[in-house]
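Before any comments, here is the structure.
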Number of protein chains: 2
Amino acid sequence: MANRSDTKTRILDAAEKLFAERGFSETSLRLITSKAEVNLASVNYHFGSKKELIRAVLARYLDRFMPAASDELVQLKASSEPSLNEIFSSLVKPLLELNKFKAEGTRTFLQLLGRGYIESQGHLRWFITTHYGTHLNEFVKAVAESAPHIPPAEMFWRLHFTLGTVVFTMASADALTEIAAADFNEHNDIEAVIRKVIPYLAAGVAVPVTSQ
Amino acid sequence: MANRSDTKTRILDAAEKLFAERGFSETSLRLITSKAEVNLASVNYHFGSKKELIRAVLARYLDRFMPAASDELVQLKASSEPSLNEIFSSLVKPLLELNKFKAEGTRTFLQLLGRGYIESQGHLRWFITTHYGTHLNEFVKAVAESAPHIPPAEMFWRLHFTLGTVVFTMASADALTEIAAADFNEHNDIEAVIRKVIPYLAAGVAVPVTSQ
DNA sequence: GTTTAATTTAAACGCATGTTTAAATCAGAG
DNA sequence: CTCTGATTTAAACATGCGTTTAAATTAAAC
């Protein structure tokens, strides 16, 4: 194949689709390069290793999403004391903006995040927290302030429950939307799923702590 | 190594621990057989294949848990119209009973379920639904009856959100309890985590559907 | 004790993986 | 055109995987 300056992009595009669909370790470099119509060795030439390719795929989305999400949050807090629903909902626009960057960008990004948290051998978790930890902390702080009746330790657990919901839902979003279409004739796109999950999460995070 | 009639059990014990910790496809038969101190080929001799070993590992827990959970549910519905909280709470006793069968049995079982749910290449989903589908349907039906204001399609999604929460929480329960102990001086066992998550789940599942 | 079936063992098979190599090809500068 | 550095290419490498094989060993029946 002739020299082509977009080899890196072709690899990233093919990789992100396959990673989102089947997970990282279940996707071989040979499958990626055959879909991208590039040579097998070009992955190692351009990215060094499979791990670095995974990070590059995620970074392409995180570099767009994280600053946008932070901006939305700043804007939201400037005008009012936002509710939990508003805080979660402030993520919707930055998420949907990813569809302008790439077709199915929102779904791909969320699925990649889910795969990353589930499969994480540590290198991804480290990569995300060291590169985007500041943005994450801002978000956690805003959530805590919006539900002051929840003690910090309880909030810690509930935010991780929330993370679990999001991650699992997105990792299996394709299968679930298929089942929903077959069983209930409900045809959901990724935005519909996002808008379904937000009230569920907000209710759980804010529910009063029972002593019992 | 001498002939030993408990080879099957040694394999199951080693396999369930490793499967729960690292997932199915990330756990090789060579790792299992070395931890179990049995010959590599004995897995194929006793179980036929890796897939059948996975099913056998899960069946050992499901055969205990599912009937017990069904019994609890029948008992609960006999005396009253149970609330969502009561229905979820009815699972606690069957779950904790698994600790009598094996040390850390509850945690292992929940982690295995989580791994099976994400990694599922179909054979596990098929195995669970064909062998334990009746029990699952009873539970789903009870949940739906306790929240009649939630349409079936919405309930489908919320139950999967719930599954995601449980599965992710249990998969990372070790790390989370450690962090909670360090940051908040909270010392939780698996039962404490289960009792924290139930109100969160019940609130999310039952929250009224907003039209917006 | 001998025979028979079940089990364990070491070795190999076939295949897929990520990575590396060295030659071939390309694009741009002089 | 010629040279140079970047890129692409085909091939091989080393490793790990699930599985199979055939011989060795064990336990039980007679």
Side-chain angles (χ1 to χ4, degrees), chain A residues 1-58 112 115-116 118-124 127, chain B residues 1-59 112 115-116 118-124 126-127:
Chain A
M1 177 105 10
N3 184 323
R4 209 174 31 208
S5 62
D6 57 344
T7 298
K8 275 184 84 160
T9 306
R10 294 180 64 86
I11 293 171
L12 287 170
D13 289 346
E16 74 172 30
K17 185 163 153 43
L18 292 166
F19 284 154
E21 282 172 4
R22 352 161 97 243
F24 300 112
S25 65
E26 302 291 328
T27 302
S28 70
L29 295 184
R30 281 168 178 81
L31 182 57
I32 293 169
T33 53
S34 75
K35 292 276 183 193
E37 294 180 304
V38 301
N39 187 272
L40 168 63
S42 57
V43 171
N44 288 286
Y45 178 77
H46 284 287
F47 296 94
S49 68
K50 186 180 179 180
K51 273 187 181 175
E52 288 170 271
L53 170 62
I54 293 173
R55 289 197 283 266
V57 165
L58 266 154
L112 287 172
R115 299 291 185 184
I118 292 165
E119 291 190 29
S120 155
Q121 271 87 359
H123 75 104
L124 256 184
F127 172 74
Chain B
M1 179 108 4
N3 184 325
R4 206 175 32 211
S5 62
D6 58 343
T7 298
K8 275 183 84 160
T9 305
R10 295 178 64 86
I11 293 172
L12 287 170
D13 288 346
E16 74 171 29
K17 185 162 154 46
L18 292 166
F19 284 154
E21 283 171 2
R22 352 160 98 241
F24 299 112
S25 64
E26 302 292 328
T27 303
S28 71
L29 296 183
R30 282 169 176 81
L31 182 57
I32 293 169
T33 53
S34 76
K35 291 275 184 194
E37 294 179 304
V38 302
N39 188 272
L40 168 62
S42 57
V43 171
N44 291 82
Y45 177 78
H46 284 288
F47 296 95
S49 68
K50 186 180 178 179
K51 274 186 182 178
E52 288 170 90
L53 170 62
I54 293 172
R55 289 197 282 267
V57 164
L58 265 153
L112 288 172
R115 300 291 184 182
I118 23 171
E119 289 191 33
S120 154
Q121 270 87 358
H123 76 103
L124 254 183
W126 170 88
F127 171 74

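Lettering of chains follows the sequences in order, A, B, ..., and the numbering in each one begins at 1.
Checked against C:dT19, D:dT20, D:dA10, the side chain of A:A41 finds its nearest nucleotide in D:dA10. Distances were taken from every side-chain heavy atom of A:N44 (C-beta onward) to each of C:dT19, D:dT8, D:dT19; the shortest belongs to C:dT19. Among C:dT19, C:dA6, D:dT8, the nucleotide with an atom closest to any side-chain atom of B:Y45 is C:dA6. Here the nucleotide nearest the side chain of A:K50, chosen from C:dT7, C:dG18, D:dT8, is C:dG18. Proximity note for B:N39 (side chain, C-beta onward) versus C:dA10, C:dT20, D:dT19: the nearest is C:dA10. Comparing D:dT19, D:dC17, C:dT19 by their closest approach to the side chain of B:S28 singles out D:dC17. Closest to the side chain of A:R30, from the set D:dT8, C:dT17, D:dT20, is C:dT17.
If you measure from atom CZ of B:F24 to atom P of D:dG18, you get 14 Å, rounded to the nearest angstrom. Separating the CD1 atom of B:I54 from the P atom of D:dC17 is a distance of 14 Å, rounded to the nearest angstrom. Across the protein-nucleic acid pair, A:L40 atom CG and C:dT17 atom C1' stand 10 Å apart, rounded to whole Å.
Closest of all the heavy-atom pairs between B:I32 and B:I11 is CG2-O, 4.0 Å.
A side-chain donor-acceptor contact under 3.5 Å links A:S28 to the backbone of A:L31. For the pair A:R115 (side chain) and A:E21 (backbone), a donor-acceptor distance under 3.5 Å is present.
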List the steps and the verdict of side-chain contact (heavy atoms from CB on, under 4.5 Å) for B:L53 and B:L12. CA-CA 8 Å; B:L53 170 62; B:L12 287 170; 4.0 Å; yes

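If you check every strand for non-hydrogen atoms under 4.0 Å, A:T27 touches sugar and phosphate atoms only.
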